[in-house]
Each structure stands twice: as C-alpha cells, then as structure tokens.
Amino acid sequence: MNKDNIQTNLLFDQQHIWHPYTSAINPLPCYQVVKAEGVYIHLASGEKLVDGVSSWWTAIHGYNHPELNKAVQEQTQDFSHVMFGGLTHQPAIDLCRTLIDITPSGLDRVFLADSGSVSVEVAMKMALQYWACQGNGNKHKFITPRNGYHGDTFAAMSVCDPVNGMHSLFTDSLNQQIFAPSPQTRFDKQWNEDDIASLEELIHNHHHELAALIIEPIVQNAGGMRIYHPEYLKRCRQLCDDYGLLLICDEIATGFGRTGKLFACEHADISPDIMCLGKALTGGYMTLAATLCSEDVAQGVCQGEPGVFMHGPTFMGNALACAVANASLKLIQQGDWQQQVAQIEQQLKNDLLPCKNLESVADVRVLGAIGVVETKSAVNVAEIQKEFVKQGVWIRPFGKLVYIMPPYIISQPQLKQLTSAIYKALKNNK
Ligand SMILES: *Cc1c(COP(=O)(O)O)cnc(C)c1O
C-alpha cells in the first residue's frame, strides 16, 4: 500500500476509532495489517512480523489456516446464523459434544456465549441463581485472589484485581467482592502451606455470603502473568467443597493446550463446578465462548422459581463460529499441540533465561507456550513496540510485562527471532 494511503488511514483511525486500553485523545500508534498467514502478520508498510501474541491467545494454529478457512466457507453455503431460541443445528451440537468430552469430568451442560466476558457474566449469574433458587439468597458474593483478570463487563470487572481494574473509579457501580492475597508459591517450587492460609481464613469467615470462588487456574494472565503452584488450585477445590461454595475456573486464556495440558485444571487434577472457555476456542477466527457447568449446577439453577436461566445473547450459538471451533478442535484432537507446546516450553526456558542477567529484568517465567519477562520498571510500549517491529516481530508488552504466547505451529528459528528480539530490546532498555 502506498505511504499516503497508509498515513490517511492511520490518521482517521487515530481521530475516530477506539482501540483496546488506550486513550482516545492521545492514542498509542497503530500498525495497519493487510494479511496474516501462518505465524506472520504482514503490515501495509511492507514489514512481515513473527507473531508472538497469537492475537491475544487465540490464533493457536496460525493465521489463514486452510482447514479453518474451509470450515467457514462451507458453513456459509448452508447458513451463517440462525437464532438459537427454539432452533438448533449440527455445528452447535458437535461443538458442545466435543467440549463435554474433552473438558474435566462432570461438566455436562454448555451455555454458548459470544465473548469471554459474557461467559464470565453467565458463570457468575448461574452461581447466584443456584443459591437463590435454594433459598440461599444471602450467598451473593464472590471471593477471588488478587491479580486476577476475568473480563471488562461489570460483573467480570468486580472480580478483576482491584488495583489493575481501577476499582476506585467505579466503587459506586461495582459489586464489592472479597479479595484474597494472590497465590505466592511458584509452579515449580516447593509448596508452602502458608500460601493457602489467608484464603482459608476469608472463606471460613465469609462462607455464609459467598456464592463462589472464581479463579484462573495455574496462570493468572492479564492481571500479572503469574504462574502458581497446582496445590493452590487443589486446595481451592477442597475449600469450596468444605464450605459450600461453587468453584468457577476461568480457562479463557489457559484452555486448549496453552499451559502444556489441554486445560490448566488438569495440572491439579480437579474439576470445577463451572468453567469458562473462550479465546482459542475458534482458533482465532471469531468471537465465541462457552460456560460449562455440572449437572448439579444446572439442576439447582432451574429448579423451582423462576425455572429458567434468563440469559440469551442474540448471536448465541452462531453457526459460523461453531463450525470454525469444530475445525479448530479437530486440529487439537490430532494431538500435535502436545509436542509443539512441549518444544516451545523447552526453547522458551533456554532462550529467555539469559534475560535474567539483564539489569532491567526482575524475573523470567515460563509454562507451556507462555514466556514472561518481568522488568523492574514499566516499559515504554510505543517505543519498545517500534523496536520490535524493526526487528520483525510482533510483541505487545503491558506495564512491566514483556510476554509471548506464540502460535503452536511456530518453528524453532521463528521462536528464536522472538526471544532474541526481547533480549535485545531489554538490553538497550535502561
Ligand atoms: C481475555 C479474558 C477474558 C475476557 O474475554 P473477552 O473475550 O475479551 O471478553 C476473561 N477471562 C480471562 C482469563 C481472559 O484471559
């Protein structure tokens, strides 16, 4: 594309279009994309970037995938969408069957939602209704560890980290939930019994008013990219059983192999009562999410009055999204991801470790196909991004976190390009 056209486009964009988590009046620079294929994002200005972010955890099989393209194209020949009220279809039935099959045992009911945040709203609403329908309306709060992230809608916001989530701005409109300290024992370190003590005490003191514990299993993602010990999650399950709370696991970021297990819950060998899925569900093609729950939760929600679950997005069960999700899950079920993610993990451990010696770096952590370099002070996103683009990679840091979660199909040299770019950029960073 010629330079003037790009400039005109970007100027319009800057003056009229909101982008995620930026200012409308002083926005961060944007780059125009014209094509994406495999692990590459092609910019209008001609650069070809190795993608380190999988478009926020979604494009696990890479871009422009022939099987996924085919699924979308074929489904459009039949129909793209029909309302889900009173109608159903094969793509949705196949998808829900597979999800029930591959998720931890006991999750037998599926609510198809249209985004991760909505699936969290649905999960929280189910938990509230579950208790209300059993005459336990006083169980209407949620407990969650700090440093969590569960989405940007209001109920989801109320269980995001209160500092990162800017709760002080919204105190009058946000439900007040109960926050426990975030888990401290790292994934691969010796479990420390003290780590669960505060959560246990809070649950002990508040269980009469608690509907559920909501947590991201094993990896706290956008709230700090923290990777914690599986025993913590095991104990969450135990505490929920002991004190009569539902356990909601938000696997929206961790689901579908990212942490080295198909679902992060498997690291702790637990099943939640309610589970949220999203992000990689459609292999990065379009928005779709799901809230799965146990038979007990479904029965509890729908017994007595009002007898229904009052939620039903217009685009619920969108057939195009279900069709492409089915194609993505087929690729997952072929099983190559296991070796791919294990290899990425090994290489991330080797290649990112040297960053630890850099003066600007506070910590390096890796699990599955997730690599995190935490810096001592916040990075200048616009500046470092410019340097990354110059080096031919797409990485989008936030705050003190420079992290990558590449498509599973990334090759060794391509991944090397990402890790070298991080090392170089942070070496130059004072
Ligand atoms: C991204 C994310 C969400 C929100 O999903 P959206 O599709 O952006 O609404 C919720 N929970 C977790 C853990 C996430 O990573």
Side-chain angles (χ1 to χ4, degrees), residues 18-22 53-60 103 111-127 142 144-162 164-166 174 177 182-183 212-228 232-233 236 247-259 261-265 267 272 274-292 311 313-316 318 321-322 324-325 328 367-370 372 396 398-399 401 403-405:
W18 291 97
H19 282 266
Y21 313 111
T22 53
V53 197
S54 300
S55 285
W56 279 338
W57 315 84
T58 64
I60 53 177
T103 50
F111 188 103
L112 295 172
D114 37 16
S115 76
S117 300
V118 172
S119 78
V120 170
E121 298 283 326
V122 166
M124 294 174 75
K125 198 160 155 183
M126 275 179 181
F142 294 84
T144 190
R146 285 175 187 270
N147 283 103
Y149 175 78
H150 298 284
D152 295 340
T153 51
F154 271 83
M157 266 167 75
S158 76
V159 287
C160 289
D161 183 85
N164 296 334
M166 303 191 190
L174 276 186
Q177 315 293 12
S182 42
L213 163 62
I214 179 166
I215 187 167
E216 293 157 277
I218 307 302
V219 185
Q220 294 187 291
N221 302 283
M225 302 298 296
R226 304 172 77 261
I227 305 168
Y228 64 85
Y232 188 93
L233 186 58
C236 286
L247 175 62
I248 303 174
C249 281
D250 178 350
E251 288 253 12
I252 291 169
T254 49
F256 307 108
R258 181 56 68 180
T259 68
K261 302 273 189 193
L262 194 50
F263 298 100
C265 284
H267 289 287
I274 303 177
M275 181 188 232
C276 300
L277 297 174
K279 290 211 159 90
L281 178 55
T282 63
Y285 268 55
M286 53 190 103
T287 180
L288 180 69
T291 310
L292 284 84
H311 213 105
T314 306
F315 281 95
M316 187 170 182
N318 177 261
C322 291
V324 73
S328 175
L367 181 69
I370 307 168
V372 186
R396 186 157 179 91
F398 65 89
L401 299 165
Y403 63 99
I404 48 177
M405 56 272 194

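Here the structure is a predicted model, which is why all the values come from computation and not from measurement. Just so it is clear, the values below take in all heavy atoms, side chains as well, and ignore hydrogens, waters and symmetry mates. Whatever order the structure lists them in is the order used to number ligands and atoms, beginning at 1.
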So NE2 of H150 and CD1 of I248: to nearest 0.5 Å the spacing works out to 9.0 Å

To the nearest 0.5 Å, what is the distance between OG (S328) and CG (L288)?
10.5 Å

Tested for side-chain contact (heavy atoms from CB on, under 4.5 Å) against V120, the lone hit among D152, I274, T291, I252 is I252

Check K279, E216, R226 against N221 for a side-chain hydrogen bond (donor to acceptor under 3.5 Å, both in side chains) and give me the one that passes.
E216

Does the plane of the ring in H311 sit parallel, tilted or perpendicular to the ring in F111? Use 30° and 60° as the thresholds.
perpendicular

Look at atom 5 (O) of ligand 1 and say which protein heavy atom is nearest, naming residue and atom and giving the distance to 0.1 Å.
G116 CA, 3.2 Å

Using a 4.0 Å heavy-atom cut-off, which part of Y149 comes near ligand 1: side chain, backbone, both, or neither?
both

Quick note on ligand 1: atoms under 4.0 Å from a heavy atom of G151 include exactly 4 (C), 10 (C)

Check each atom of ligand 1 against the heavy atoms of D250 and keep those under 4.0 Å away; list them by number with element.
10 (C), 11 (N), 12 (C), 13 (C)

Kindly indicate whether the side chain of L277, heavy atoms from C-beta on, has any atom under 4.5 Å from the side chain of T103.
yes

Mark up the atoms of ligand 1 that fall under 4.0 Å of a heavy atom belonging to H150, in ascending order.
10 (C), 11 (N)

Output the list of atoms in ligand 1 that are nearer than 4.0 Å to some heavy atom of K279, sorted by atom number.
1 (C), 2 (C), 3 (C), 14 (C), 15 (O)

Find all atoms of ligand 1 within a distance of less than 4.0 Å from any non-hydrogen atom belonging to S117, and give their numbers and elements.
4 (C), 5 (O), 6 (P), 9 (O)

